[in-house]
Peer 1: 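Below is one structure. I have some questions about it.
We name chains A, B, ... by the order of the sequence lines, and we start the count at 1 in each one.
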Amino acid sequence: MTNGLQNSEVPIRVRIAPSPTGDPHVGTAYIGLINFIYARQRGGKFVLRIEDTDRVRFVATSEQEIFNSLHWLGLAWDEGPDVGGPFGPYRQSERTEIYREHVELLLANGTAYRCFCTAEELEIVRRQQIAAKLPPRYPGTCRHLSAETEQANLAAGKPFVVRMAVPPHARNATTSTTFRDELRGDITFEHSNVDDQVLLKSDGFPTYHLANVVDDHLMQITDVIRAEEWISSTPKHVLLYRAFGWQQPRFWHMPLLRNLDKSKISKRKNPVSLIYYRQAGFLPEAVINFLGLMGGGMPESGGPVAEKFSLGEMVERFEVKNIRLGGPVFDLTKLKWLNGEYIRAMSSEDFYAALRSTVLGDTYLREIASLVQTRVETLGEFGNLTHFFFADDILPSAEVFVPKKRTLEETLAFAAEQLTVLESTEWSKETLEAALKKLGEEKQWAVKENFMLLRAIVTGSTMSPPLLESMVVFGKARSLDRVRRFLEAQKKLSGSKK
RNA sequence: GUCCCUGUCGUCUAGCCCGGCCCAGGACACCGCCCUUUCACGGCGAUAACAUGAGUUCGAAUCUCAUCGGGGACGCCA
């Protein structure tokens, strides 16, 4: 059994493959950091590939934000959609023809098959299986369709997906797949636990599994360094490498960053947007340093010597092999301390410059100024109206945020609804207005109550510059964070009363 | 439910691979003291962990097994 590329002559190539489905994620930065270090230490190449095969969740601005955030952190890539490279294109939506050709290969050699089941049919089956406490699996309906039936379906123009035919096949009776995780050793999955994964969706786009394997091979990736959540789909990937007759890369699965309650890090329980960290005034050096602390990896981290180190020092001394496997809690408390350390270490000139380029940035100030010009009588009043743009914590009291005719309880419930709506809304005045009004109608909240509540949460007061415009200027990431913190704080309050 | 991963202070971790130097070290947070007109910084100190149980061994945080806990995956998302 081959366990990845063992030949040290082969130049090291690694990649990160974020999806442009929202704000750039702190997890992407973590995996990016490890990949970056690994490549730099070995004179290898670090590739950025955009996995935009999910057209439903696609967000147009996301890709650029990913670029910006990674640049901000100093994680420069050698090949990618913006800088090009010899293995392009680096955007999967531009590679659909490649995937289709490769699917044909699998179809031809019997390791994949067309499936005409509809999503609705399969959903019913899945529910039944779960209800019967059975593991949800594809029932195999289309796996052995006769050539005639398949042709008839095709001729009738029935939509189909292409699924992977997980062994045993007639001639290949392998019943399990073992692969090596460089951090954990051998991991084995029985094939009865590996589902016939969809490889090509009915819209003609590949799923992650297919696109990922094809691209990693074509881009000559030697080491797949990704998050632990991929372990259970790795056997599918290994099977695909074999189906194509390709050599597989090494697999390294990094521990998952966690919330305080140990669950996988999520936006509901933690700020996960890199945009948030930048706008809230975290320094890239501190964020990188903190990420480097996650899981250990620096010989002296945790030891008596240093907790503070730079990207450059990590490239010199970090050991990916030494990463601890227990999922580290992403604890803002320590990040904040670290950030403070970096701030204190700056020259006063640098500190001032940092302020001017972020929380007192020209664009930001200009936008805020335009919101308050008609609302001040002296320039000195500027601060009175705008302090919430510059504060980190805004926590209105119940007298302020609970509308007259509402109870605290229903107000908080509605605020939670607002948050949900805000999360999935494009960040512009018009879209926000429409979305919030729609919610208000559904829940029987008057526009006035609706907006007053949000105003109180975001600005700390019932009197403020125009709410929606302010939120647009303040930014989605920070606005959402403010609402989440508000809800969190209220939850704690009610908990302590009982 | 099924499968997989994982388990040292509240949190990040050192030690674990190559058993004794570990009645477990550092950092953050918390608490106390000092400095200080305030706050912060800084200095000093305190509390705090080897999940549990067996086994191997002269000796186990370190090796083995079991149990328990935590997490992830099970999607025409990635």
Peer 1: B/C18 and B/U64: how far apart are their P atoms, nearest whole angstrom?
Peer 2: 10 Å
Peer 1: Mind checking who B/C39 pairs with, Watson-Crick or G-U wobble, both distances under 3.5 Å?
Peer 2: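 Checking every strand shown, B/C39 finds no partner, since no pair has both distances under 3.5 Å.
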Peer 1: Side chains of A/D186 and A/T178 only: does a donor on one sit below 3.5 Å from an acceptor on the other?
Peer 2: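 No, because no side-chain N or O of A/D186 sits under 3.5 Å from a partner of the opposite role on A/T178.
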Peer 1: Name the pairing partner of B/C23, where a pair is Watson-Crick or G-U wobble with both distances under 3.5 Å, or state none.
Peer 2: none
Peer 1: With a 3.5 angstrom cut-off on both distances, give the Watson-Crick or G-U wobble partner of B/A73, or none if there isn't one.
Peer 2: B/U2
Peer 1: Want to settle it: does A/T333 or A/L183 sit nearer the 5' end of RNA chain B, counting the closest nucleotide to each?
Peer 2: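 Here A/L183 is the residue nearer the 5' end.
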Peer 1: For A/N339 versus A/A286, what's the shortest heavy-atom pair and its separation?
Peer 2: OD1-CB, 3.1 Å
Peer 1: Give the nucleotide from the list B/C5, B/A78, B/C41 with an atom nearest to the side chain of A/R344.
Peer 2: B/C41
Peer 1: Looking at A/K201, does any N or O in its side chain come under 4.0 Å of the phosphate oxygens OP1/OP2 on B/C77?
Peer 2: yes
Peer 1: Does a donor on one side chain sit under 3.5 Å from an acceptor on the other, for A/T234 and A/R226?
Peer 2: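 The criterion, which ignores hydrogens and geometry beyond distance, is satisfied for A/R226 and A/T234.
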Peer 1: Would one find a side-chain N or O of A/K262 under 4.0 angstrom from OP1 or OP2 of B/G69?
Peer 2: no
Peer 1: Are there any protein N/O atoms within less than 3.5 Å of an N/O atom in nucleotides 73-75 of chain B, and if so, which ones and at what distance?
Peer 2:
{"from": "B/A73", "atom 1": "OP1", "to": "A/K264", "atom 2": "NZ", "distance (Å)": "2.8"}
{"from": "B/A73", "atom 1": "O4'", "to": "A/S232", "atom 2": "OG", "distance (Å)": "3.1"}
{"from": "B/A73", "atom 1": "O2'", "to": "A/S232", "atom 2": "OG", "distance (Å)": "2.9"}
{"from": "B/C74", "atom 1": "O2'", "to": "A/P136", "atom 2": "O", "distance (Å)": "3.2"}

Peer 1: Locate the shortest heavy-atom distance separating A/G22 from A/V59; write the atom from each residue and the value.
Peer 2: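 Taking every non-hydrogen atom into account, N-CG2, 3.9 Å.
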Peer 1: Going by salt bridge (Lys or Arg N to Asp or Glu O under 4.0 Å), A/E150 matches just one of A/R143, A/K158, A/R114. Which one?
Peer 2: A/R114
Peer 1: NZ of A/K321 versus P of B/C16: gap in Å, rounded?
Peer 2: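 Going from A/K321 (NZ) to B/C16 (P), I get 17 Å.
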Peer 1: With a 3.5 Å cut-off and heavy atoms only, can you find an N or O donor on one side and an acceptor on the other between the side chain of A/K334 and the base of B/A29?
Peer 2: no
Peer 1: With a distance cut-off below 6.0 Å to the six-membered ring centre and an angular limit of 45° from the axis, does A/R317 pair with A/F309 as a cation-pi contact?
Peer 2: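 Judged by the rule (NZ or CZ under 6.0 Å from the ring centre, within 45° of its axis), A/R317 is not positioned above A/F309.
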Peer 1: Side chain of A/M294: nearest nucleotide among B/G71, B/U13, B/A78?
Peer 2: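 It is B/U13.
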Peer 1: With both distances under 3.5 angstrom, what nucleotide forms a Watson-Crick or G-U wobble pair with B/C44?
Peer 2: B/G32
Peer 1: Rounding to the closest angstrom, what is the interatomic distance between B/A46 and B/G1 at atom P?
Peer 2: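 Between the two P atoms, the distance is 47 Å.
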Peer 1: Of the options B/C76, B/C28, B/U6, whose atoms approach the side-chain atoms of A/V161 most closely?
Peer 2: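 Per side-chain heavy atoms of A/V161, the pick is B/C76.
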Peer 1: For the pair A/R268 and A/E423, find out whether any cationic side-chain nitrogen is under 4.0 Å from an anionic carboxylate oxygen.
Peer 2: yes
Peer 1: Taking pairing as Watson-Crick or G-U wobble with both contacts under 3.5 Å, can you name the mate of B/C63, or confirm there isn't one?
Peer 2: B/G55
Peer 1: Does B/G7 have a Watson-Crick or wobble partner in any strand here, with both distances under 3.5 angstrom, and which is it?
Peer 2: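 B/G7 is paired, partner B/C68.
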Peer 1: From B/C5, B/A29, B/A78, pick the nucleotide closest to the side chain of A/E228?
Peer 2: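 The answer is B/C5, which lies nearest to the side chain.
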Peer 1: When you check the phosphate oxygens OP1 and OP2 of B/A14, does a side-chain N or O of A/R324 lie under 4.0 Å from one of them?
Peer 2: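 Answer is yes, contact under 4.0 Å.
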Peer 1: Decide, yes or no, whether a salt bridge links A/E341 with A/K336 under the criterion of side-chain N to carboxylate O below 4.0 Å.
Peer 2: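 No, A/E341 and A/K336 are not salt-bridged.
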Peer 1: When all nucleic acid strands are considered with a 4.0 Å heavy-atom cut-off, which category describes A/S192: base, sugar-phosphate, or nothing?
Peer 2: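 It contacts nothing in the nucleic acid.
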Peer 1: Using the closest heavy atom to pick a nucleotide of RNA chain B for each, name whichever of A/S263 or A/P206 lands nearer the 5' end.
Peer 2: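 Its nearest nucleotide being more 5', the pick is A/S263.
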